[in-house]
Every structure is written in structure tokens, then in C-alpha cells.
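Sequential numbering from 1 along the given sequence is applied to the chain's residues. Since this is a predicted model, take the numbers as computed values, not measurements.
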Amino acid sequence: MSELRDVQPPDVDGVDAGEKATLVAFLDYVREAVVAKAEGMGEEHGRAPGVPSGTSVFGLVKHLAAAEVYWFEWAFAGADVPYPDFGMDVGDEETGEGLVAAYRDAVVRANDVIARCGDLTRPAARAAGGADVVRSLRWILVHMIEETARHAGHVDILREQVDGSVGR
């Protein structure tokens, strides 16, 4: 059984780091856990569905990149970006390396949006989500921690099925 590099839990500056810094630290932690699992996977294994639904490691990375764009850029900032495709099908022209790079880029842009907002209660520019409700930045951050952590668990299981890698 192989071990992946260790992704350390967030080290927020003391107990009074502030709510925003704490939320972003935990979101970055689970984001990096996804990347750590996806990096170094061969194309065949990264694309291979690990469950009957067709979910693959690279498909989950692609989906999470779309979620970052959707919630932070499209919904919260109201940016003029294409509406993201949440699908998990990996096209023939896409590579694992490219999908991880796209995810990292989406995270950088999302963190820039977050950094520019000083008020966690500020409402998004657009209504979003299944209920088509305007959400606050706080709600979006908590939602993205939950969604990313849930999918990080999926990636963890799929990676372990492929090569026995465990850990973050």
C-alpha cells in the first residue's frame, strides 16, 4: 500500500483568526486533499469509473472545478463567465494534469473573489442553487467546504481502489 504526501490540517493563526480565515483555511485543506489524490494518477486509472454510476477521480476534479466557478465567480461575483458544466464525463482531449491545473486555477480565482469581500453576510450577485435563492458568502463557503469534503472522500475511496494509496 502506498502513501500519498501528507496534507496537514489547517493551521489558522490562533483561536481568534476570524471566521473568514477559518472557513477559507478549511476549504483550502479539503481542496488540497482532492489534488493530492488526483496528482500522479495515470490517465487510464484517473478516467476509469470506480463505481457503477461512472464516477472517476478526474471526473470529480472536473466537477469540483465547475463548482468553484459556479459559486464564487458566476453566482457570488456575478462575473460574465460561461455557465459551468457540472458533468463528470472526461473528454478524450482532456488530461488529468489539465483538469487538476484547471481546478487549481478555479481555486485561485475563487480565493481572489473571497479576499475581495469583507462581509460574509454580503449576498451573491445572482440567485443560485436548486432553490434559486440568493446566498451569502458565508453560506457559499460552508456549502463548498461540505461539497468539496464529500467529494474528497469519494476521490479517496476511488484512489484506494486503484492503487491502495491511503492518507491525504
In Å and rounded to the nearest 0.5 Å, what is the [atom1] to [atom2] distance from [X] to [Y]?
X     : Y      : atom1 : atom2 : answer
Arg31 : Glu68  : CZ    : CD    : 4.0 Å
Arg47 : Leu99  : CZ    : CG    : 7.5 Å
Trp71 : His143 : CH2   : NE2   : 5.5 Å

- Task: Assess whether atom CD of Glu44 is packed by more than 12 heavy atoms of other residues, nucleotides or ligands within 6.0 Å.
- Result: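 Atom CD in Glu44 is not crowded, with 12 or fewer foreign heavy atoms closer than 6.0 Å.
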
May I ask you to test the [X]-[Y] pair for a side-chain heavy-atom distance under 4.5 Å?
X      : Y      : answer
Glu94  : Glu43  : no
Val34  : Leu60  : no
Asp112 : Val108 : no
Leu23  : Leu120 : yes

- Query: Parallel, tilted or perpendicular for Trp74 and Tyr70, by the 30°/60° rule?
  - Reply: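 Parallel: the ring planes of Trp74 and Tyr70 meet at under 30°.
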
Checking [X] side chain against [Y] main chain: does a donor-acceptor pair fall under 3.5 Å?
X      : Y      : value
Arg138 : Asp119 : no
Lys62  : Asp89  : yes
Lys20  : Cys117 : yes

- Residues in side-chain hydrogen bond (donor to acceptor under 3.5 Å, both in side chains) contact with Asp92, at least two apart in sequence or another chain: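 Result, side-chain hydrogen bond (donor to acceptor under 3.5 Å, both in side chains) vs Asp92: none returned.
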
- Message: Between Phe72 and Leu141, is the side-chain contact (heavy atoms from CB on, under 4.5 Å) condition met? List the steps.
- Response: CA-CA 9 Å; Phe72 293 109; Leu141 282 165; 4.0 Å; yes

- Task: Step by step, work out the side-chain contact (heavy atoms from CB on, under 4.5 Å) result for Val107 and Asn111.
- Result: CA-CA 6 Å; Val107 165; Asn111 280 348; 3.9 Å; yes

- Under the side-chain contact (heavy atoms from CB on, under 4.5 Å) test, residues paired with Ala38 that sit two or more places apart: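 Residues passing side-chain contact (heavy atoms from CB on, under 4.5 Å) with Ala38: Val57, Val61, Val100.
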
- Check against salt bridge (Lys or Arg N to Asp or Glu O under 4.0 Å), Arg126 and Glu73: CA-CA 10 Å; Arg126 291 186 173 118; Glu73 294 182 77; over 6 Å; no

